[in-house]
Structures are given as structure tokens and as C-alpha cells.
Amino acid sequence: MSDHAHHHHGHAHHGHSHGVLTGGMLSRDEQRSAARQLTLAMVALGLLALGLLWRWLDPQQDGVGQMLFGAASILVAIPVLRSAWFSLRFPSLHGITDQLVALALLGAWATGDLLTAALLPILMIFGHVLEERSVIGSQEAIEALGKLTRSHARRIDADGSVHEVDNSALQAGDLVEVRAGDRVPADGRVLEGQASLDTAPITGESVPVQAAPGMEVFGGAINLDGWLRIEVLRTGEASTLGKVIALMQKAEQSKPPITRLLERYAGGYMVLVLLIAAVTWFITNDPQAMLAVLVAACPCALVLSAPATAIAGIAVAARHGILIRSSAFLEEFADLSSLVIDKTGTLTYGALHLQTLAPATGVELDRDALLHLAASLGAASSHPVSRALATLVPQDAYHPLEQLRERQGLGVIAQTSKGEAALGRAELFQQMGVDLPPVPLHDGPIAGLSLNGRFMAWLLLADRVRPEAAEAMADLRELGLGRQLLLTGDRLPVANALAEVVGIKDVVAQALPEDKLSRVTAEIRNGFRPLVVGDGINDSLALKAGVVGVAMGAGGADIALASADIVLIGSDLRRLGTCVRLSRQCRRTLQVNVAIGLGWTLAIVAAAAFGLLGAAGAMIAAILHNLSTLLVLGNAGRLLRIEEPLKKPR
């Protein structure tokens with residue numbers, strides 16, 4: 001809490017990582033406090049200039065100049081001392097910097113060096129403002145996300161009139177219209193209309209998505225053509241983008257092991273710095289060298305190294321359609337050694353489609369007529385097979401049905417313009433006394449179709465493998481996740497056929513959710529670090545148990561999203577490889593940043609202690625200290641340049 005509390009007490013001398021997110025997202029308080037500090041610093045600078053001028057014009061009378069310096073130093077001292085006092089009450093790593101600067105300030109006063117006393121806090125304030133700006137500069141990716149969440153919406157009121165409102169005013173259940181060129185204002189379901197949507201900003205998917213009634217769409221997608229009427233489902237914080245942004249804000253507080261270690265020994269660190277400073281003063285008798293040690297020891301760069309890296313990493317991931325929900329991504333992902341993946345909805349689309357239509361011999365109806373008949377009957381039932389068949393033809397092309405009878409678990413029978421038709425399992429036709437040709441061999445659901453007591457055709461249905469699955473698995477094997485395990489609730493032949501296609505060796509079929517869980521825990525016991533991938537309807541336990549859980553997003557159930565560390569919004573499996581590469585990149589960046597933070601600090605402290613920084617040691621230390629922070633931010637900013645475009649799968 002301590003970092004954030006600064007602001008609410010109005011002394012954010014240390015704007016450090018709070019405002020890091022986006023210019024647009026600095027809270028009013030924070031903007032005001034930054035402005036206040038800048039104003040103070042400017043006024044103090046003015047007073048200093050006057051003092052120096054006076055000293056130059058009238059060197060005999062030093063009193064007035066000293067008074068002006070004194071006034072300047074008191075002005076800037078107020079926020080510094082307030083933050084330091086505050087950080088004593090709520091200790092944190094950030095607080096150390098506040099305390100050290102305050103000590104240096106008091107030291108400068110005590111040694112009568114009022115010029116240093118005024119300049120030090122001014123340099124620090126400018127440094128921090130610069131830092132915030134530069135972090136924000138490297139935050140364009142998040143800025144862009146922020147813009148996505150703020151847009152106008154055309155709300156359709158009860159009387160049918162359309163009003164423009166800010167999308168923050170929308171509530172779940174509102175109806176909005178989205179015209180060509182507009183952004184979809186919030187996550188919702190299409191009620192009517194057709195359009196192609198560009199979802200690249202959210203899912204990283206370059207091919208436009210065709211939206212039609214009944215489809216769910218994400219806020220932030222751009223309507224390229226056509227007109228849609230949408231019912232809003234989730235707004236603001238709950239929407240897909242809201243989650244990304246909330247996550248960024250959490251990332252600021254992410255701490256790598258090294259920072260946690262330092263926090264534990266924060267008190268010891270202070271004592272050590274004070275000892276070095278005291279020894280320096282004792283040996284050199286140079287107050288400047290002592291002050292320089294205090295300033296140089298501020299651990300800003302170190303404190304920022306993790307949040308800056310985490311934020312950049314999350315921003316890049318979001319641009320690639322990867323929603324990161326926990327810091328496990330940044331720390332654990334790089335060491336993964338095995339993969340446990342679910343079949344339905346993950347390697348496959350999780351929806352049935354017609355694979356083959358096998359007409360009986362001597363049927364004179366053509367393929368089209370058969371499909372129309374099957375779809376019309378399918379539309380009458382809610383069975384998954386019927387639902388899959390119902391989508392074969394557009395709704396307005398269905399045959400009108402009369403005297404509809406559904407036989408539970410067997411199928412449907414109805415009167416059509418062509419006569420009595422039936423659609424269902426083999427048993428249905430046996431009961432009706434229809435002559436059946438032999439049932440074809442097929443892994444997956446089979447439905448038969450008859451008309452006027454005559455058998456017409458077999459319809460074989462199957463779930464489709466995602467076209468990029470094989471490529472994605474090969475990619476992961478190259479990245480060192482050679483041990484791959486397919487876990488599915490499905491039957492073994494189906495699972496084996498699929499494993500063959502995507503190149504996975506180990507298969508466990510007919511697994512219940514708890515079996516999945518025990519397989520994942522067994523992997524961990526055997527010393528592997530599994531990445532668990534599922535669509536989450538029945539994988540939530542396993543997703544939580546894995547070192548890192550990835551849920552397939554777009555269709556993924558909310559429960560999966562809640563239990564996964566990472567969600568692939570676009571559901572493109574090749575993004576798994578992107579995840580591994582990204583996290584390894586993040587980890588390298590973080591290691592470099594921590595090295596810069598530690599090494600640089602130690603180097604300046606040593607230089608200050610040996611008096612190498614010269615007469616204005618404290619100033620130079622302050623400037624060097626701000627430099628190291630900018631280096632860390634710049635290094636994290638390099639992550640933002642990572643781009644991995646997806647080609648159409650072969």
C-alpha cells in the first residue's frame with residue numbers, strides 16, 4: 001500500500017512508479033501533485049538564480065544571497081521531508097530514496113551548504129518528472145489500449161431513437177448500433193446485422209472476423225463495413241480490454257525476487273549507506289563527498305526495473321492477443337519443460353460440423369436438397385448434432401414443418417411439403433421400420449435422414465482440428481517443450497487420430513476433470529514444469545494446478561479465464577510459442593535491468609565515497625542517479641518493439 005499512499009497524502013515527491021501507466025491514467029491527485037512539485041522547483045530555481053546574481057553583483061554582502069538560497073531550499077524541502085516522514089511510517093523500498101534525499105538535504109543544511117540543499121531536491125524532482133514522462137513515452141502500447149476503451153457509442157433508447165453517449169455510460173443490457181467505421185463500444189452480442197470486424201487491436205488476428213446475429217464481439221473491434229445492432233454484455237473493468245488495463249496497473253507492483261530480497265533488508269541497507277557516508281566524511285572531511293554517497297545510494301533504478309519490464313511485457317503481449325493475468329508469466333514461463341493440452345475447443349474448434357454426406361444408393365434428391373431437408377429438421381431440436389446441421393443453410397431457407405415430434409435421444413420426425421421426414425440415430429429408423437443401409441464406420445456422431453419411409457442419407461459429423469495446431473506444437477517442441485501430453489475426455493481412437501495430426505506422442509483419453517488435475521500434479525511431482533492449455537470449461541482445476549495455465553480465450557468460459565494465468569484472446573495456438581519467446585525476452589531484460597540498477601548504484605556510491613565526483617559531488621550523483629533510471633526504462637522500452645505477425649495457417 002505504501003507506494004500508493006504517497007499520493008493520497010499529497011506528497012508525491014516520488015512520483016516514481018505510480019504514474020507509470022499512462023498519461024491519461026494518472027489520477028487527478030497525481031497530476032496535481034506533480035504540477036505542484038514542478039511549480040515549487042521552478043520557484044526555488046528562480047530564487048537560486050536571484051541569489052547567485054546577488055552574490056555576483058555584491059560579493060561582500062553574502063547574507064542576502066544565503067537568505068535567498070535558504071528560502072529556496074526550504075521551499076523544496078517541504079515535499080521532500082513530508083515524503084521522508086511518511087516513508088518512515090510506512091516503510092517500503094521506494095521510501096529509502098525519500099529518506100536518503102531528506103538526509104542529504106539535512107546534511108547540506110547542517111554543513112551550511114545552502115546551495116546544495118536547494119539544488120539537490122530540485123534535481124531529484126526534475127529527474128522524477130522526466131522519468132514519468134519517459135515511462136509514459138514507452139507506454140504507447142498501453143496508451144493505445146486506453147484509447148480503445150474510451151470511445152463514443154450510439155445507444156438505442158426504448159423509443160428507438162439513437163443518442164451518442166460516452167461508452168463509459170453504457171450498462172450491460174443496453175442496445176447500441178455500430179455503423180461502418182465505428183468501434184464496437186463494449187463487449188456484447190450481435191442481435192441483428194452483418195459486418196466484418198477488424199479485431200487486430202485486441203486479438204492480434206489480422207483476418208477480419210465476420211459478425212452475424214448471435215455472435216459475441218469484443219469492445220475495441222472496428223466495424224469495417226455493414227451495420228450491427230449489439231446488446232452490451234460487459235462494460236468497463238469487466239470487459240476484455242478493461243482486464244488488460246487493470247492488469248497493467250497490477251504489474252506496476254510486480255516485484256522480482258531480487259526486489260523482494262532488498263525489501264526484506266531495507267533497514268539494513270539504510271544503515272549500511274549511513275555507515276559508508278559517515279566513514280567517508282570521517283576520512284575525507286569533505287561534506288560534499290558524504291552527501292554524494294547519500295544521494296548515489298538511492299535505489300530508484302532497481303525499484304523500477306521490475307515494473308517497467310512487466311508493463312512493457314504485458315503491453316506487447318496484449319498487442320499480440322495474449323492477455324496476461326498474473327506475474328507467473330514473467331517469472332515462470334521461461335522455465336517450462338512440458339505441455340499438457342486439452343483437445344476439445346483447444347486443439348480443435350469444439351464445434352461439430354458436417355464432414356461427409358453419404359447418400360443411400362438410388363436416391364434422386366441432389367446434395368443441396370438433402371442438406372436443406374436435414375437443416376430444416378435440425379433447426380427443430382436443440383441437440384448438438386441438430387444444432388450443427390441447422391447451420392448448413394440460412395434460416396430463411398428452412399422448409400416449413402408440421403406435426404413435429406421429437407423422440408428423446410433418438411431424433412425428430414415431421415411433415416414437410418415433400419412428405420414425412422425423419423432425422424436421427426439408426427435406432428429411430430429401426431423403430432419406424434425403415435430399411436437401413438449399413439452404418440458407416442466413423443469416429444464421431446452420425447445422423448440418418450429419411451423421407452416418406454425411405455432412407456436417404458447418412459450425415460457424418462466431426463470436430464475440426466485448428467489448422468495451425470500442428471505448426472504450433474512443432475514450434476513449442478523447438479522451444480524445449482519436448483514432452484507433450486494430450487489429455488481429453490474423448491474416446492481413444494478419436495484422440496489418437498488427432499495426436500497423429502498434430503504430432504503429439506503421449507495421449508490420455510476419457511479423462512475426467514479430476515484425472516486431468518492428477519495428471520498435472522503428477523507432472524510437477526516428476527520434476528517437470530508443465531504449461532497447461534485448455535478451453536477451460538472442464539479444465540479449470542488443471543489450469544490452476546499447472547505452473548502456468550493458458551486458456552483459449554474468445555469462446556473460453558469465464559471460469560477458465562478466472563483460473564488461467566494467461567488467456568489467448570484470438571485462440572490461435574501459435575501464440576503459445578510467442579508467449580514462451582516473449583517471457584524469455586522479458587526475463588533477459590529484467591536481468592539486465594537489475595544488473596544496471598545494482599551495478600550503477602554501487603559504482604556511483606564508490607565514486608562518491610572516494611571523492612571522485614569533485615566539489616559538486618552531490619549534484620553529480622543526483623544527475624547520474626537519474627541517468628541510471630532512464631537507462632532501465634529505455635531497456636524495458638526495447639521490449640515494445642517485438643512484433644510477431646501471424647500468417648494464414650497452411
Side-chain angles (χ1 to χ4, degrees), residues 212-214 343-345 348-465 488-498 509-510 512 537-538:
K343 177 182 89 77
T344 313
T348 67
Y349 284 107
L352 291 171
H353 74 121
L354 181 64
Q355 200 177 22
T356 29
L357 172 75
T361 41
V363 169
E364 53 277 3
L365 283 178
D366 63 348
R367 187 185 161 85
D368 225 29
L370 288 172
L371 288 182
H372 265 80
L373 194 57
S376 311
L377 286 164
S381 155
S382 59
H383 191 279
V385 173
S386 317
R387 276 217 302 271
L389 291 174
T391 57
L392 293 172
V393 299
Q395 292 178 347
D396 44 21
Y398 291 157
H399 296 300
L401 304 179
E402 280 151 26
Q403 304 166 21
L404 184 76
R405 319 188 272 302
E406 187 164 356
R407 298 270 181 91
Q408 218 45 54
L410 292 178
V412 280
I413 306 170
Q415 273 314 122
T416 65
S417 50
K418 296 196 167 94
E420 185 182 61
L423 171 77
R425 296 168 49 171
E427 294 82 14
L428 176 71
F429 303 106
Q430 286 159 0
Q431 282 185 15
M432 291 168 64
V434 174
D435 282 342
L436 274 188
V439 180
L441 281 173
H442 174 63
D443 274 327
I446 296 187
L449 180 68
S450 75
L451 185 62
N452 293 326
R454 206 174 138 217
F455 191 79
M456 287 290 173
W458 288 116
L459 300 139
L460 315 183
L461 291 100
D463 190 357
R464 260 198 310 240
V465 181
T488 174
D490 225 332
R491 302 193 312 290
L492 195 59
V494 184
N496 278 335
L498 179 85
Q510 283 171 326
L512 300 168
I537 319 277
N538 47 10

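Across A421 and L451, no two heavy atoms sit closer than the pair CB-CD1, 3.8 Å. Between A422 and I413 the shortest heavy-atom distance is CB-CG1, 4.1 Å. Nearest approach of A457 to L357, heavy atoms of both residues: CB-CD1, 4.1 Å. Closest heavy-atom contact between D435 and F455: O-CB, 3.4 Å. When all heavy atoms of A495 and T488 are compared, the pair lying nearest together is CB-CG2, 3.6 Å. Nearest heavy-atom pair across I446 and P440 is CD1-O, 3.5 Å.
A donor-acceptor contact shorter than 3.5 Å is absent between the side chain of W458 and the backbone of T356. Counting only distance, with no hydrogens or angles, the side chain of R464 and the backbone of A462 share no donor-acceptor pair below 3.5 Å. For the pair Y398 (side chain) and L377 (backbone), a donor-acceptor distance under 3.5 Å is absent. A donor-acceptor pair is defined here as one N or O able to donate and one able to accept, closer than 3.5 Å; such a pair exists between the side chain of N452 and the backbone of K418.
With values rounded to the nearest 0.5 angstrom, S450 atom OG is found 4.5 Å from M432 atom CE.
Side-chain atoms of E402 and T416, non-hydrogen and from C-beta on, never get closer than 4.5 Å to each other. With contacts defined as side-chain heavy-atom distances shorter than 4.5 Å, the pair L461/Q355 does not qualify. You'll find the side chain of L401 stays beyond 4.5 Å of the side chain of Q415, heavy atoms only. Residues L373 and L423 have side chains not in contact (no heavy-atom distance under 4.5 Å, counting atoms from C-beta outward). Here the side chains of L428 and V412 are not in contact, with every heavy-atom distance at 4.5 Å or above.
Classification of E420 and R454 as a salt-bridged pair fails, no side-chain N sitting under 4.0 Å from a carboxylate O.
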